[in-house]
Amino acid sequence: MSKITDLQEQIIKANIDVAYISDPMTIGYLTGFYEEPLERVMALLIFPDAQPFFFTPALEVEAAKGAGWSGDIYGYLDHEDPFAIIAEHVKERVAHPAKWGIEESHLTVDRLLHLKGQFPDAKFTTNLTPTIERMRLIKSPDEIEKLNQAGKWADFMLEEGFKNLAIGRSEQEIATNLEYALKKHGIMHTSFDTLVQAGAHAAEPHGATSSNQVQNNELVLFDLGCMVKGYASDVSRTVAVGQLNTKQKDIYQVCLEAQLSAQDAAHPGITAEELDAVARDVITKAGYGEYFIHRLGHGLGMSDHEFPSIMAGNKLVLQPGMCFSIEPGIYIPGVAGVRIEDCVHITANGCEPFTHTSKELKTFNL
């Protein structure tokens, strides 16, 4: 329970009586057990000087024990009031808990009101989200290794995607085939919905994989990842089908220069906003600044999007063990979209990527 002990130290400093942890991802980080409870209530309650307890739907109790949770665990049935049961076990440890810490980024208003109903005189004003984000910010060697494994399988997904490129084949079919190949190897979950976008469709950075078909002489964008041992991968590559025109080639080369420049610049001591500026300056000087419409990167770990954001205005100084994406993009509506991405971890004197598929422009003559 070393991670829980670390959090206990923080709640002692904040003079908190109870920490109510509700985000399943945080619970997984602290306990080793991850499960989405859907509409049911699941929480981890931590106290400054009493044993924590895990509260979960009854149908998850045995799975939580099997994942290694050895502390107190209480389950509830669907017809029972979960917050009344939580209150009962809290009062066994703290008779009058006055100050609560919560994850403001996760706890819903409805559930907060239920807690307030059980403890009407308590204050629920201490936000633990920044504390937990900082705890998860620096990855351990074990976490780095899991991210490397997830990255290896993301490279495999790209290889399978490239194999499935064909004129007239839909984005959906390509994505389905590469995911099937992944699952045949026992990797059952992608870290997000696999994105395949062909031609002008790739100019929509968050456009979903669709029935749009691959055509000759266009760019095809892949953005994908998977979950391995509870850790995520995330990688993007853009490839050519047939012969590109001068504009398409230029967009690709500018985006590649921006990505490589930023990855080379990532090291301890540079700030997040300075790193964003490295890539953004390359794209702006080439005349495509208005088409780079998102931050350079986001954190990576148990989730494919977590703290920190690599963007303008973030003065966070990068340190060894921080993990994040470097993914500049150029999106010209009606023309083409290019994104090139590796996720990296900061080392003692630079950074190392989790994915290794070549970023030189691949051309498939189909």
Side-chain angles (χ1 to χ4, degrees), residues 1-61 63-65 67-76 81-94 97-119 122-140 143 230-231 299 301-303 305-307:
M1 290 189 182
S2 61
K3 293 174 181 175
I4 291 179
T5 301
D6 291 343
L7 185 54
Q8 278 181 313
E9 292 177 359
Q10 296 300 315
I11 66 176
I12 289 170
K13 290 178 182 177
N15 196 31
I16 293 170
D17 297 313
V18 187
Y20 183 89
I21 305 301
S22 57
D23 186 341
M25 196 68 69
T26 307
I27 292 171
Y29 176 75
L30 294 171
T31 70
F33 174 72
Y34 173 78
E35 186 62 57
E36 287 289 345
L38 303 176
E39 73 277 7
R40 297 181 174 94
V41 175
M42 186 169 71
L44 177 66
L45 289 96
I46 302 173
F47 308 86
D49 54 5
Q51 288 298 310
F53 71 84
F54 189 15
F55 182 80
T56 180
L59 51 82
E60 305 289 0
V61 168
K65 291 178 180 177
W69 175 257
S70 58
D72 291 336
I73 182 168
Y74 308 112
Y76 81 100
D81 180 351
F83 295 98
I85 299 172
I86 288 172
E88 175 187 343
H89 293 298
V90 167
K91 291 173 182 177
E92 290 171 354
R93 291 160 172 80
V94 184
K99 187 176 181 181
W100 289 60
I102 59 173
E103 293 177 282
E104 288 186 3
S105 64
H106 182 269
L107 186 61
T108 65
V109 173
D110 175 72
R111 293 186 176 183
L112 177 58
L113 291 175
H114 279 290
L115 284 171
K116 287 182 175 181
Q118 295 293 331
F119 300 93
K123 301 294 184 183
F124 295 84
T125 54
T126 302
N127 181 18
L128 293 175
T129 295
T131 298
I132 292 165
E133 286 178 340
R134 291 282 176 172
M135 287 181 64
R136 291 175 58 184
L137 180 60
I138 306 297
K139 270 59 177 183
S140 67
E143 290 178 297
Y231 283 77
M302 295 181 70
S303 170
H305 280 73
E306 59 183 53
F307 183 77

Peer 1: Would you call F53 and E92 a side-chain contact if the rule is heavy atoms closer than 4.5 Å?
Peer 2: no

Peer 1: Cation-pi between K116 and F83: NZ/CZ under 6.0 Å from ring centre and within 45° of the ring axis?
Peer 2: no

Peer 1: Looking at S303 and R136, what are the two nearest heavy atoms and their distance?
Peer 2: N-NH2, 4.1 Å

Peer 1: Is any side-chain heavy atom of M42 closer than 4.5 Å to a side-chain heavy atom of P57?
Peer 2: yes

Peer 1: Just by distance, do the side chain of Q118 and the backbone of L115 share a donor-acceptor pair under 3.5 Å?
Peer 2: no

Peer 1: Using 0.5 Å steps for rounding, measure from the CD atom of E35 to the CZ atom of R40.
Peer 2: 10.5 Å

Peer 1: If you apply the rule side-chain contact (heavy atoms from CB on, under 4.5 Å), what do you find for W100 with L45, and how did you get there?
Peer 2: CA-CA 10 Å; W100 289 60; L45 289 96; 4.1 Å; yes

Peer 1: Go through V90 and F119 one step at a time and tell me if the side-chain contact (heavy atoms from CB on, under 4.5 Å) criterion holds.
Peer 2: CA-CA 10 Å; V90 167; F119 300 93; 3.9 Å; yes

Peer 1: Locate the shortest heavy-atom distance separating I16 from G101; write the atom from each residue and the value.
Peer 2: CG2-N, 3.5 Å

Peer 1: Is there side-chain contact between Y20 and I86, with at least one heavy-atom pair below 4.5 Å?
Peer 2: yes

Peer 1: Could you check T129, L128, T26 and say which one makes a side-chain contact (heavy atoms from CB on, under 4.5 Å) with S105?
Peer 2: T129

Peer 1: Decide yes or no on side-chain contact (heavy atoms from CB on, under 4.5 Å) for T56 and W69, but give the supporting numbers first.
Peer 2: CA-CA 12 Å; T56 180; W69 175 257; over 6 Å; no

Peer 1: Give me the atom names and distance for the closest heavy-atom approach of I11 to I46.
Peer 2: CD1-O, 3.8 Å

Peer 1: Give the minimum heavy-atom separation between V94 and D17, together with the two atoms involved.
Peer 2: CG2-O, 4.1 Å

Peer 1: Under 4.5 Å between any side-chain heavy atoms of Y29 and D23, yes or no?
Peer 2: no

Peer 1: Let me know which of R93, H89, Q51 forms a side chain to side chain donor-acceptor pair (under 3.5 Å) with D72.
Peer 2: R93

Peer 1: Carefully, step by step, assess I132 and F307 under the rule side-chain contact (heavy atoms from CB on, under 4.5 Å).
Peer 2: CA-CA 10 Å; I132 292 165; F307 183 77; over 6 Å; no

Peer 1: With no hydrogens and no angle check, just 3.5 Å: does a side-chain donor-acceptor pair link T108 and D110?
Peer 2: no

Peer 1: Output yes when a side-chain donor or acceptor of K65 lies under 3.5 Å from a complementary backbone atom of I73, and no otherwise.
Peer 2: no

Peer 1: Return the minimal non-hydrogen interatomic distance between I138 and E143, and the atom names on each side.
Peer 2: O-OE1, 4.1 Å

